[in-house]
Amino acid sequence: MFNIKNLSPIERRPDGSLPRMTPRQRQEAVRLIRKICCNYLDGDCLLLDGGEGCVCVQSISYSVNCKFFRRVLLEDKKGLSLKAELFRDNDTKRCMVCGGMFSSKSNSAKYCGDCAKIVQRKQKVAHARNRRRSIVEK
């Protein structure tokens, strides 16, 4: 069984408050919880369940207040863009193709990981096409 007490606490802002979500971010968080949270069952949180049903607090709140959500679900591949939006820092950027948030150590990165592969493939095809065209014209 997973022990939630072993997880580190959620980071707080300098004024002591928890990070807040916009309505769109909350909607995405609820979708993420319903889809991949192993502790979510019919609107109840199994970690908080002490014999009677207890509503999942993260699914009804605009604050990031669940350790499991913060440390496990946002670290998942499906939750990384939401994490980048919620905890913005200097190395968080917006993808030029899909508009999603991603973190990058490079100052020249324009695309998230998924879009970068697609854009690179398109650029490679265009370069090969131009190269073949210049050979034929000679």
Side-chain angles (χ1 to χ4, degrees):
M1 176 101 192
F2 186 82
N3 189 356
I4 197 164
K5 293 181 181 179
N6 292 339
L7 294 176
S8 57
I10 298 170
E11 304 90 5
R12 294 183 176 265
R13 293 199 172 132
D15 62 353
S17 65
L18 291 169
R20 300 274 302 168
M21 293 185 274
T22 63
R24 189 193 60 74
Q25 290 171 339
R26 181 180 168 270
Q27 185 178 19
E28 190 175 335
V30 169
R31 190 177 310 122
L32 187 69
I33 290 169
R34 287 182 180 160
K35 196 179 271 188
I36 65 172
C37 185
C38 61
N39 297 313
Y40 183 82
L41 180 66
D42 299 327
D44 294 336
C45 180
L46 297 177
L47 288 175
L48 300 176
D49 190 3
E52 57 187 53
C54 183
V55 176
C56 175
V57 293
Q58 188 60 56
S59 66
I60 61 172
S61 175
Y62 281 94
S63 296
V64 178
N65 50 14
C66 177
K67 284 184 184 181
F68 190 80
F69 175 75
R70 170 66 183 99
R71 298 291 177 216
V72 179
L73 297 183
L74 289 181
E75 299 297 330
D76 188 63
K77 184 173 69 172
K78 296 176 183 173
L80 285 176
S81 65
L82 180 60
K83 177 187 172 190
E85 283 185 39
L86 289 174
F87 301 99
R88 275 192 192 165
D89 51 1
N90 293 338
D91 55 337
T92 301
K93 298 182 179 191
R94 187 169 294 279
C95 179
M96 299 295 284
V97 175
C98 67
M101 300 297 287
F102 70 99
S103 60
S104 171
K105 299 295 180 192
S106 170
N107 63 352
S108 62
K110 294 186 195 178
Y111 311 108
C112 63
D114 296 333
C115 294
K117 293 175 186 174
I118 295 168
V119 169
Q120 183 182 16
R121 188 176 303 132
K122 287 181 181 178
Q123 289 174 346
K124 188 175 178 180
V125 166
H127 175 72
R129 186 178 298 126
N130 289 338
R131 195 167 141 225
R132 285 190 300 265
R133 185 182 306 143
S134 67
I135 293 172
V136 171
E137 290 176 356
K138 287 182 180 180

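As a basis for the values below, the full set of heavy atoms in this structure was taken, side chains included, without hydrogen atoms, waters or symmetry mates. Note that the coordinates shown come from a computational prediction; the quantities given were computed from them, not determined experimentally.
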By side chain to side chain contact (heavy atoms under 4.5 Å, CB included), which residues pair with Q120, not counting sequence neighbours? none
For the atom pair CD (Q27) and CZ (R24), what is the distance rounded to the nearest 0.5 Å? 8.5 Å
Could you measure the distance from the CZ atom of R20 to the OH atom of Y62? Nearest 0.5 Å is fine. 8.5 Å
How is the hydrophobic cluster of Y111 composed, in terms of its other members, when Ile, Leu, Val, Met, Phe, Trp and Tyr link through side-chain heavy atoms under 4.5 Å apart, directly or indirectly? M96, V97, V119
First locate atom CE of M21, then atom CD of Q58, and finally report the distance between them rounded to the nearest 0.5 Å. 4.5 Å
Could you walk me through whether E75 and R71 pass salt bridge (charged side-chain N to carboxylate O under 4.0 Å, His left out), step by step? CA-CA 6 Å; E75 299 297 330; R71 298 291 177 216; 5.5 Å; no
Going by salt bridge (charged side-chain N to carboxylate O under 4.0 Å, His left out), name the residues that satisfy it together with R94, two or more places apart in sequence or in a different chain. none
Can you name the one residue among N39, I36, L82 that meets side chain to side chain contact (heavy atoms under 4.5 Å, CB included) with L73? I36
When V64 is tested against each of Q25, R26, R70 for side chain to side chain contact (heavy atoms under 4.5 Å, CB included), which residue passes? R70
Tracing side-chain links under 4.5 Å among I, L, V, M, F, W and Y, which residues wind up in one group with V55? I60
I need the F68 CZ to I33 CD1 distance, nearest 0.5 Å. 10.5 Å
Atom of K93, atom of A109 and distance for their closest heavy-atom approach: CD-O, 3.6 Å
Keeping the roles fixed (side chain from Q123, backbone from I118), state whether a donor-acceptor pair exists under 3.5 Å. no
Would you give the length of the straight line joining atom CZ of R34 to atom SG of C56, rounded to the nearest 0.5 angstrom? 9.5 Å
Is L86 reachable from V72 through a run of I, L, V, M, F, W or Y residues, each pair having side-chain heavy atoms under 4.5 Å apart? yes
For C112 and C95 the tightest heavy-atom approach is N-SG, 3.4 Å
Could you note down all residue pairs passing salt bridge (Lys or Arg N to Asp or Glu O under 4.0 Å) where residues 110-121 supplies at least one of them, sequence neighbours left out? none
Nearest 0.5 Å, what's the OH-CG distance between Y40 and L47? 14.0 Å
L48: which other cluster members, linking ILVMFWY side chains closer than 4.5 Å, directly or transitively? V57
Identify the heavy atoms of V30 and S59 that sit nearest to each other, and give their distance. CG2-O, 3.5 Å
